[in-house]
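For this chain, numbers begin at 1 and follow the sequence in order. Just so we're clear, the structure is a prediction, and the values are computed from it rather than from any experiment.
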Amino acid sequence: MHVAVKDKTTRHHIGYGKVILFGEHFVVYGAESIVAGINEYTTCEISRLKHKPNVVEVIDERPAVPGYIKEKREEQRVAHGLVLRHLNIDTSKDGLLVKLGGPLVPSSGIGASASDVVSLSRALNELYSLNLSEEAVNRSAYAGECGYHGTPSGVDNTAATYGGIILFRRALKKSVFSSLALGKTLSIIVCSTGITASTTKVVADVARLKAAQPSWFDDLFEQYNACVREAKKALQSGNLRRVGELMNINHTLCQKLTVSCPELDAIATCCRTFGALGAKMSGTGRGGLVVALAANTQERDRIAKAVREQCKEAKFVWRYSVQPGGSKL
Ligand code: MEV
């Protein structure tokens, strides 16, 4: 029974964007991943649509890359339905008008789907006075992510809920995570191919390959585990040069897993040529993003400019700083 239902939310509710620094796809099979929440986010406001039973209307004003919102609309409808069901929201009398906005530019790899369902869960929390803890918001967003991803590991919604740098793994169907103390600020460049990928399809392809060639997959999985073990230490001690090398190794493992593509490979090579300490694809792959690490903010800005001007595969280039601390965990 909901105590007090408001007509509309009184503030914007947010979910952070993210980039996976280590471990996309391997994380689906229980490996540890390292993810960075970024300081751009999606906002959600909701008002009740009086006497419009079972209507959930979405006004999506997020500044997405071309094609993204249309391509994801059906998955979004399913995802929002799953969040409503998870939170036992009854729309049989009044429907809902959901308005999404905020500075995060939705594109494959940046955690747009997770930031959507986190911000939605937070807004529903206010509208229906649900009194959700952060953990409950994260669980609700995980339920929503199943609409976007099929079988999500939970890494994206956890980053979208808490922000900061997070060590994450899925164990016995539960999300296990903690914040990672960085030795130094990370200056990163995020480059989008502008290609929207389907996480459900790419994750399913990896599952098929793994089932067909288990020892091939196990070998890559072991190499990845060694890589992330070292990456954790390098991030903690602030050894950025080693972090960059390990990002390059992680990219090669993604190529072997067949989740990279020519555009991602070209962008990663460009970033390294222009002086990045390392570069790798990030997120689903076969489109989406490359994340590159720079030695400091000046280098980051210089590399971003060069990539923007000279790398035709990089359709959008963003710059971020990930500070030590910064997680709500
Ligand atoms: C997508 O951002 C990350 C994947 O590892 C899927 C997941 O973890 O749910 C590809």
Side-chain angles (χ1 to χ4, degrees), residues 14-22 24 34-43 60-69 72 100-116 118-119 155-156 159-160 163-166 182 185-197 240 243-244 247 251 260-261 263-285 287-323 326:
I14 73 161
Y16 298 108
K18 69 89 185 54
V19 282
I20 295 182
L21 295 177
F22 290 92
E24 49 281 287
I34 303 177
V35 61
I38 55 174
N39 45 15
E40 283 175 358
Y41 50 83
T42 292
T43 61
D60 202 333
E61 293 178 339
R62 294 175 297 165
V65 304
Y68 180 92
I69 291 195
K72 295 281 175 180
L100 298 172
L104 181 73
V105 178
S107 64
S108 278
I110 204 80
S113 61
S115 64
D116 169 9
V118 167
S119 67
V155 66
D156 292 3
I165 286 259
I166 294 177
L182 284 179
T185 296
L186 303 180
S187 300
I188 59 176
I189 304 128
V190 176
C191 313
S192 170
T193 58
I195 301 169
T196 301
L240 298 184
V243 174
M247 286 168 74
H251 183 74
S260 190
C261 65
E263 292 84 352
L264 288 169
D265 294 345
I267 297 171
T269 303
C270 262
C271 291
R272 291 174 200 143
T273 307
F274 294 138
L277 300 176
K280 65 177 276 289
M281 57 152 274
S282 180
T284 299
L289 306 180
V290 165
V291 56
L293 180 67
N296 52 48
T297 48
Q298 287 92 328
E299 273 293 280
R300 178 198 67 188
D301 295 352
R302 188 190 60 72
I303 296 164
K305 183 166 182 288
V307 173
R308 213 174 266 138
E309 288 170 358
Q310 294 177 55
C311 179
K312 67 179 186 332
E313 288 82 3
K315 304 290 188 240
F316 306 89
V317 179
W318 300 293
R319 295 163 300 157
Y320 298 105
S321 293
V322 183
Q323 313 285 349

Trainee: Verify whether one side chain among Tyr16 and Glu40 offers a donor that lies under 3.5 Å from an acceptor in the other.
Mentor: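 No.
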Trainee: Show your reasoning for whether side-chain contact (heavy atoms from CB on, under 4.5 Å) applies to Val290 and Val190.
Mentor: CA-CA 6 Å; Val290 165; Val190 176; over 6 Å; no
Trainee: Does Ile34 reach the side chain of Ile165, with side-chain heavy atoms less than 4.5 Å apart?
Mentor: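 Yes - at least one pair of side-chain heavy atoms lies under 4.5 Å apart.
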Trainee: Heavy atoms, side chains only, cut-off 4.5 Å: are Thr284 and Glu24 in contact?
Mentor: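 Side chain of Thr284 against side chain of Glu24, heavy atoms only: no contact under 4.5 Å found.
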Trainee: Verify the distance criterion only: is there a donor paired with an acceptor across the side chains of Arg300 and Ser321 at less than 3.5 Å?
Mentor: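 On atom types as modelled, these side chains qualify, holding a pair under 3.5 Å.
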Trainee: Please name the pair of heavy atoms, one in Ser108 and one in Leu289, separated by the smallest distance, quoted to 0.1 Å.
Mentor: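 Scanning both residues completely, I find the closest heavy atoms to be O-CG, 3.3 Å.
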Trainee: Is the closest side-chain heavy-atom distance between Leu104 and Ile38 below 4.5 Å?
Mentor: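 Contact flag for Leu104/Ile38 side chains = yes.
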Trainee: Can you give me the closest heavy-atom contact between Ile20 and Lys280, atom names plus distance?
Mentor: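 Closest approach of Ile20 to Lys280, heavy atoms only: O-NZ, 3.1 Å.
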Trainee: Can you tell me how far the CD1 atom of Ile303 sits from the SG atom of Cys191, to the nearest 0.5 Å?
Mentor: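 If I round to the nearest 0.5 Å, the distance is 10.0 Å.
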Trainee: Can Ser260 and His251 be said to form a side-chain contact (heavy atoms from CB on, under 4.5 Å), step by step?
Mentor: CA-CA 8 Å; Ser260 190; His251 183 74; 3.4 Å; yes
Trainee: Can you confirm whether Ile188 sits close enough to Val322 that some side-chain heavy atom of one is under 4.5 Å from a side-chain heavy atom of the other?
Mentor: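 Yes. Closest side-chain heavy atoms under 4.5 Å.
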Trainee: Evaluate Leu293 against Met247 for side-chain contact (heavy atoms from CB on, under 4.5 Å), listing each step before the verdict.
Mentor: CA-CA 9 Å; Leu293 180 67; Met247 286 168 74; 3.8 Å; yes
Trainee: So which heavy atom on Leu100 is nearest to which on Ser119, and how close?
Mentor: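 What the structure gives for the nearest pair is CD2-OG, 4.1 Å.
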Trainee: Could you check whether any side-chain N or O of Thr193 sits under 3.5 Å from a backbone N or O of Gly288, counting only pairs where one atom can act as donor and the other as acceptor?
Mentor: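 Between the backbone of Gly288 and the side chain of Thr193 there is a qualifying donor-acceptor contact (under 3.5 Å).
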Trainee: Which heavy atom in Leu240 sits nearest to a heavy atom in Ala294, and how many Å separate them?
Mentor: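 Distance-wise, the nearest heavy atoms are CD1-O, 4.4 Å.
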Trainee: With no hydrogens and no angle check, is any side-chain donor or acceptor of Thr42 less than 3.5 Å from a backbone partner on Gly15?
Mentor: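 It does not hold such a pair.
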Trainee: Search all heavy atoms of Gly102 against all heavy atoms of Pro63 and return the closest pair with its distance.
Mentor: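 Closest approach of Gly102 to Pro63, heavy atoms only: O-CD, 3.2 Å.
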Trainee: Measuring from atom CE of Met281 to atom CG of Asp265, what distance do you get when rounded to the nearest 0.5 angstrom?
Mentor: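 Those atoms lie 9.5 Å apart.
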Trainee: Would you call Val243 and Phe22 a side-chain contact if the rule is heavy atoms closer than 4.5 Å?
Mentor: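 Heavy-atom side-chain distance check passes, below 4.5 Å.
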Trainee: Would you say the side-chain atoms of Arg272 pair up with the backbone N or O of Leu277, donor to acceptor, closer than 3.5 Å?
Mentor: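 No, the answer is negative, given that no donor and acceptor are paired below the 3.5 Å cut-off.
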Trainee: Walk me through whether Ser107 and Ile110 qualify under side-chain contact (heavy atoms from CB on, under 4.5 Å).
Mentor: CA-CA 6 Å; Ser107 64; Ile110 204 80; 3.8 Å; yes
Trainee: Using modelled atom types only, decide if a donor and an acceptor are shared between the side chain of Lys18 and the backbone of Gly109 within a distance under 3.5 Å.
Mentor: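 At least one qualifying donor-acceptor pair exists.
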Trainee: Would you say that Pro106 contacts Tyr68 through its side chain, given a criterion of any heavy-atom pair below 4.5 Å between the two side chains?
Mentor: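 Pro106 vs Tyr68: side chains touch.
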Trainee: Could you tabulate the donor-acceptor pairs under 3.5 Å formed by side-chain atoms of residues 307-314, not counting sequence neighbours?
Mentor:
from: Arg308; atom 1: NH2; to: Val317; atom 2: O; distance (Å): 2.9
from: Glu309; atom 1: OE2; to: Lys305; atom 2: NZ; distance (Å): 3.3

Trainee: Looking at side-chain heavy atoms only, is the closest gap between Tyr41 and Thr43 below 4.5 Å?
Mentor: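 Yes - at least one pair of side-chain heavy atoms lies under 4.5 Å apart.
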Trainee: Report yes or no: does Arg302 contribute a side-chain atom to a donor-acceptor pair with the main-chain N or O of Phe274 at less than 3.5 Å?
Mentor: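 Yes: the side chain of Arg302 pairs with the backbone of Phe274.
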Trainee: Counting C-beta onward and ignoring hydrogens, is there a side-chain heavy-atom pair between Tyr320 and Ser187 closer than 4.5 Å?
Mentor: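 No, their side chains stay 4.5 Å or more apart.
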Trainee: Nearest 0.5 Å please: distance from the OG1 atom of Thr269 over to the CG atom of Leu264.
Mentor: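 Thr269 OG1 to Leu264 CG: 10.5 Å, rounded to 0.5 Å.
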Trainee: Over all heavy atoms of both residues, which pair between Gly287 and Cys261 is shortest? Give the atoms and the distance, please.
Mentor: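 Smallest heavy-atom distance, with atoms named: N-SG, 3.5 Å.
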